[in-house]
Protein chains: 2
Amino acid sequence: MPYPEGHKLKVRKHIITSAAKAFRTHGVRNISLPYIMKGAGLTHGGFYSHFENKDQLVIEACHFAISDTIELLKKVADKHEDQPKIQSVIEFYLSSVHRDQTEIGCILPALSGEISQLSEEIRNAYTREFKRFLEFITDMAKVDASTGYALVSSMVGTVALARAVSDPKLSDDLLLAGKTQAKLIIASSKG
Amino acid sequence: MPYPEGHKLKVRKHIITSAAKAFRTHGVRNISLPYIMKGAGLTHGGFYSHFENKDQLVIEACHFAISDTIELLKKVADKHEDQPKIQSVIEFYLSSVHRDQTEIGCILPALSGEISQLSEEIRNAYTREFKRFLEFITDMAKVDASTGYALVSSMVGTVALARAVSDPKLSDDLLLAGKTQAKLIIASSKG
DNA sequence: GTTAAAATATTATAATCATCATATTAACTG
DNA sequence: CAGTTAATATGATGATTATAATATTTTAAC
């Protein structure tokens with residue numbers, strides 16, 4: 001067989017990486033397959049020898065993006081040993097760095113509004129990935145499920161809004177208030 | 001002059017109403033001008049005699065949608081005299097009714113993810129309308145600005161996620177946790 | 001009724017998209 | 001190096017889009 005062992009798998013991975021990056025920054029519907037393929041160093045024609053259709057790619061990209069974010073947050077948590085891990089994670093998630101670096105940021109705020117309008121398959125995938133993220137945060141914060149829901153909703157909503165508004169001061173203030181709030185949520189659940 | 005007095009203004013209002021309804025349900029980019037015009041009982045050709053372009057319509061639709069939501073929430077608040085107004089508002093905003101009736105629901109969760117990818121003009125308009133909503137909630141809850149930020153971020157994030165996930169139980173639980181959380185935010189700000 | 005301006009509809013344009021068919025290239029095997 | 005075939009590129013299709021130009025309809029005023 002031509003092409004080295006695992007070549008196609010590697011290319012497939014490149015496409016997923018390019019897609020995840022694009023989706024995180026521009027959403028799903030505004031990103032074209034030609035654009036994604038170009039980001040992977042390819043032309044658009046070969047796409048369908050790798051994926052059944054665009055939906056399938058969205059599903060895989062969501063999975064990759066959440067795995068990527070969870071890994072990143074784990075690293076962030078391990079970096080600061082002087083405070084509880086969840087503290088570091090929240091401070092990063094609600095930082096201006098995370099708000100601004102959408103390309104490598106959490107995909108949940110980026111797609112939260114759009115998902116409800118996409119195919120059932122994509123919604124199911126998003127739900128699966130959301131649950132994964134939810135579990136990660138809930139475990140790390142050592143809180144009950146309900147508190148975990150509130151915490152993640154608040155985090156996702158804050159980042160989405162902080163990214164949306166064009167007033168830099170307001171955006172910063174949203175992040176700050178979100179951080180204060182998140183700490184309060186955790187503290188009050190332990191009281 | 002042909003056509004009755006104020007005819008064009010009335011039609012213009014119809015277009016904005018149709019657009020706001022469509023945007024709240026399907027976002028901005030996935031909705032076409034022909035679709036909006038059909039919703040107003042017209043064909044697409046006449047659009048440009050009413051608006052400069054699609055962006056202009058988005059801006060006006062956002063303004064209308066937020067006004068509409070604020071009015072609705074005021075009515076909801078006035079309905080229940082047995083509890084603080086903010087309580088009623090939060091209970092409605094985080095209800096399954098509001099989650100499911102996207103057509104007449106708050107536009108903030110629907111567009112929160114998409115806005116950052118749209119034109120500067122639209123972002124500015126969204127920011128203006130967001131501030132208007134923020135002020136409305138903050139005043140009604142009688143909390144300081146920072147608490148208002150946290151409260152609205154939590155509300156918007158919760159509804160966006162509750163609309164996004166395809167698991168009905170999870171969606172309900174998100175709303176429930178959001179309500180509990182919102183009340184906590186307000187209570188703690190007064191302590 | 002006729003007219004004329006305003007409002008709306010029809011049609012056109014050029015771009016972009018997802019998807020598909022076909023042609024070309026790359027690289028392992030012998 | 002030649003042959004085979006997987007991987008990729010090129011090009012096509014048909015749909016949809018925002019926008020614009022032109023044609024038609026509507027209705028108030030005469």
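Keep in mind that this is a model prediction, so the values were computed, not measured. We name chains A, B, ... by the order of the sequence lines, and we start the count at 1 in each one.
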Whole-Å gap separating [atom2] ([N]) and [atom1] ([X]):
X     : N      : atom1 : atom2 : value
A:F51 : C:dT19 : CZ    : P     : 13 Å
A:Y35 : C:dC17 : OH    : P     : 11 Å
B:K10 : C:dA6  : NZ    : C1'   : 16 Å
A:I36 : C:dC17 : CD1   : P     : 11 Å
B:H7  : D:dT25 : NE2   : P     : 16 Å
A:L42 : C:dA26 : CG    : P     : 13 Å
A:L57 : C:dC17 : CG    : P     : 15 Å
A:H50 : D:dA6  : NE2   : P     : 14 Å

With a cut-off of 6.0 Å (strictly less than), are more than 12 heavy atoms of other residues, nucleotides or ligands near [atom1] of [X]?
X      : atom1 : answer
A:Y48  : OH    : yes
B:E81  : CD    : no
A:K183 : NZ    : yes

- request: With the side chain of A:V11 defined as its heavy atoms from C-beta on, choose the nearest nucleotide among D:dT8, C:dA7, D:dA9.
  value: D:dT8
task: Would you please say whether a donor-acceptor pair under 3.5 Å links the side chains of B:N124 and B:T127?
output: no
query: Do the charged groups of A:K21 and A:D68 touch, with an N to O distance under 4.0 Å?
result: no
message: Can you build the contact string for nucleotides 14-21 of chain D? Use B for base contact, S for sugar-phosphate-only contact, and - for no protein heavy atom under 4.0 Å.
response: ---SSBBB
statement: Which of B:D173, B:D167, B:D172 passes side chain to side chain donor-acceptor pair (under 3.5 Å) with B:K169? Answer is B:D173
